[in-house]
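To find a chain, count down the sequence lines: A is the first, B the second, and so on, and within it residues start at 1.
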Amino acid sequence: MEKTYDPSKFESRIYQTWLKNKYFASRPDKNKKKFSVCMPPPNVTGKAHVGHALNHAIQDIIVRYKRMQGFETLWLPGTDHAAIATEAKVVGALEKEGLTKEQVGRENFIRRGWDWYKEYGNIICEQLMSMGDSCDWDRKAFTMDENLSRAVRHSFVEYYNKGYIYQGKRVINYCPKCRSSISDIENEYKEQTTKLWHIRYPLEDGSGEVVVATTRPETMFGDTAVAVNPKDKRYKNIVGKNVILPIVNKPIPVVADEYCEMEFGTGAVKITPAHDPNDYDLGLRHNLPMVVVIDDDGKLNENAGKFAGMDRIEARKPIEAELKKLGVLVKTETYKNKVGCCCRCGTMTEPKVSEQWWVKMKELAKPAIEAVKKGELKFTPKRYEKMYLNWLENIQDWCISRQLWLGHRIPVFTCKDCGFKGAFEEDLKVCPKCKSKHITQDPDVLDTWFSSALWPFSTLGWPNKTPELDYFYPTDVLATGYDIITFWVVRMVFSGLFFTKKLPFKEVVINGIVRDSQGRKMSKNLGNGIDPMEIVGEYGADSMRLSLINGTSMGMDISYGKEKAKESKIFINKLYNASKFVLANTEHMQIKPLSSFALDEKDKWVLSKLQDLIRSTIKNLDKYALGVASANLIDFTISIFCDWYIEASKIDLNSGNKESKDKAQNILLYVLTTLLKLFHPYIPFVTEEIYQNLPGHEETIMLSKFPEYNSKLAFKNLKFEEVIAVIRAVRATRSQYNIPDNKKVSINLLPLEDEKLFAENLNVVAKLAGGSQVNIIKSEPKEKSAKVVTSTCNAYLPMGDLVDEAQEKERASKKIEELKFEIARSEKMLSNAGFVAKAPKTLVDAEKEKLAKNKEFLKQLLGE
RNA sequence: GGAAGUUUAGCUCAGCUGGGAGAGCAUCCGCCUUACAAGCGGAGGGUCAUAGGUUCGAUCCCUAUAACUUCCACCA
């Protein structure tokens, strides 16, 4: 092994070995239990961000753990075509050549899309590899693959034929930049400061006026009414009359509708049915005409008169000027509101009436709701079930059509001659009704999430009955972020239940969002994003993984910065160095069963602690408490293995006694090997690197058996901590006397109970407390000494005149105070009748015992 | 407007199906001790947001309050 820990020297080499040996591969095997996970497909043309790093660390830890436990484990990777995002990039590339979509035509455009996928599609996968993802790359899927596309068409046709898909006119959110409709969840509301324009609409009969307040003056050309609340006394007399729409000079009616809030603004609202969902509904109720004034490109159209051709937002200024000129602008005030924006490009979306394709949701949602309510589908943490249920219980129909060219084209065909219309899995060439060949296909494509919703089964071959689908489906766990529960998790669940009659997974593990070290969301605007590849380059994938997981709890947002990766690297370095020590001392060792050795107290202690660790690690991994498990592993490594066992083992290793040396070597090897296996899911590279150098190692740590609790190596009545306590107390006293660590002193031990224990550990005390010589004494020494007390053993450091009486007194009285406090506390508890009567017996007994011990201890201290 | 979450050491966060508060970093003191100075030893530092309640006992359960965060709905 290299002298210093340098992950860049071996991480990629090890990954290549794993790949080459097909350790990630998985095949249906009826003799084994399976464990399957499907990867949330990242955007094919995207790059990994720290959110991926976190999510993938979680998945890989779970998957590696299960694989080591002997499950036939499949982690199925893949990517998503992300139509809107990719189309925007291809359009951008065309623009640079001075071309438009329309100029190159649909077919060529799609070809360019594929070129794009091919050029950039592998970047993200390579990045995931460098993070250590142990997925079965041979099964890598892409939502636009032939078989996945077949799944999309198959499911569409099934929905369609069963009446779940319909075409309908509704107000939808339209992104003028992406030139497509987007669904409600893709429409994000952002706060902005704008103005509230108060505009005067004069009554047609000249008897007065109505002032309306609006945030969107540019839509006034599409106004077809002014609405007031029927209860509003101010406007009672004018309901039914007409007002004149300024600039346009057109009469429009005043209507009464509950929708208007009397308190807001002036209590009168201008109604633009074509450009606002509420106005649209109101328009339907009152039979109002619809006037479209904004075109798909976000520009005002001919209905806006002289403002035609201007951008909807830019037109506000000249419109305001015109209103002022006409004397109908009462006032403007600054106003904060929220406007819908496209989640992909951030452009303000335009509510717009149009004909779109929809999936009826109410009925599909029902079994998905039931699954969680019955406990068949579980979320970790549980609170996210509420988010899921809340969404499904208030679900709206799903707008699945997008006005794009990239993606899965809607397989609905219409006969130009007889008007026949239907959905087909194969392209329709001849009308089944009139045999005409004049067939057209719907121009729109499907929402990207439509194909993602099929992911857990389409990737396994569905709708074909493949052995993979049969064996690996349903999958076991889905790990994803809470930000896509509504986009994706919900849709996979109802799609899975509808098409396969099974839940696509049993458990959903939700991770939080990775924020910057100041707790802010990472964003391009702030420039505070962290590139995971940079972290991997600087600290290694292992450090990045551990730092993202350790000490966190599932579902919580985490603040992250390079410092954390550095901390993890420092720890891994420690593990690496400890391993180097073990390796250096076990080179030519003989491997023997631990039962063949006479174990002393420190051996029993480390082995028992290790068994506890194995048990707790399994328990925590099973409930996805990954951050707790790793913290325990790290704590054991440093505070038990390195600080005490390794140091103490040096005595046995250098004793010259072959039996002792053999024993120490075998214990060191066993503890380290076990520890590496427990750590492997978190830090796969370095554990493999070390493992490959261990005596008696197997082919790979990846496929070695995950440690199991061994009761034969778990001992009771461990006493080594009494020795530790004495060493600690001596060290503290030395520190108080400013005796540097490298200065040896003689130490006299006066055991209070177990003389044998201390007699057996004299050399341990000498080694770890800096003793030149350590002796057992039978009574208080006459020599002037610094006195060190613990509850089971006193230690005396003979220092002659260097003994500081004042300090000795202070230390003694401090100890006495402590004891008195403890005794008072115990007595108070035990004198409480309620405690004695109601607390568990073991607790009461323990308290009694503690009290008796402390009293004895105190007596002994005071007696001197 | 509806819902959820967070509040613990100077900082970043763990922990708790209720039984004496933890880690890392930072700070202070002492050490290059032959795995590790990316280290070792020692030390200081917290009414576990506030107020009530349940209990023999509350950081943990319940109820209010405050601050911050997020999700959903949305008033022109």
Which of residues 571-580 of chain A sit near RNA chain B, with a heavy atom under 4.0 Å from it? A:Asn573, A:Lys574, A:Asn577, A:Ala578, A:Lys580
What integer number of Å spans the P atoms of B:U17 and B:C60? 13 Å
Expected output check: what is the dot-bracket annotation of RNA chain B, where ( ) and [ ] are pairs inside the strand (brackets for crossing ones), | is paired with another strand, and pairs are Watson-Crick or G-U under 3.5 Å? (((((((..((((.....[..)))).(((((.......))))).....(((((..]....))))))))))))....
In chain order, what residues pass the salt bridge (charged side-chain N to carboxylate O under 4.0 Å, His left out) check against A:Asp6, with sequence neighbours excluded? A:Lys9
Just checking A:Lys566: base, sugar-phosphate only, or nothing, at a heavy-atom cut-off of under 4.0 Å? nothing
Footprint string (nucleotides 22-34 of chain B, 5' to 3'): B base within contact, S backbone only, - free, heavy atoms under 4.0 Å: --SS----BSSB-
Salt bridge (charged side-chain N to carboxylate O under 4.0 Å, His left out) with A:Lys331: which residues, sequence neighbours excluded? none
Pairs meeting criterion salt bridge (charged side-chain N to carboxylate O under 4.0 Å, His left out) with involvement of residues 544-559 of chain A, two or more places apart: A:Asp60-A:Arg545, A:Arg515-A:Asp557
Taking salt bridge (charged side-chain N to carboxylate O under 4.0 Å, His left out) as the test, write out the residues that go with A:Arg383, two or more places apart. none
Partners of A:Lys574 by salt bridge (charged side-chain N to carboxylate O under 4.0 Å, His left out), sequence neighbours excluded? none
Residues which pass ring-ring contact (aromatic ring centres under 6.0 Å, His included) with A:Phe571, listed by chain and number, not counting sequence neighbours: A:Phe679
Side-chain N or O of A:Ser553 versus OP1/OP2 of B:A14: is the shortest distance under 4.0 Å? yes
Heavy-atom protein contacts under 4.0 Å, nucleotides 68-76 of chain B, coded B base, S sugar-phosphate only, - none: -SSS-BBBB
What does A:Gly627 touch in the nucleic acid at a heavy-atom separation under 4.0 angstrom: a base, only the sugar-phosphate, or nothing? nothing
Could you list the protein-to-nucleotides 7-9 of chain B atom pairs, N/O on both sides, closer than 3.5 Å?
none

Which residues share a side chain to side chain donor-acceptor pair (under 3.5 Å) with A:Asn832, sequence neighbours left out: none
Contact class for A:Gln396 (heavy atom, under 4.0 Å): base, sugar-phosphate, or nothing? nothing
B:G44 and B:G10: how far apart are their P atoms, nearest whole angstrom? 15 Å
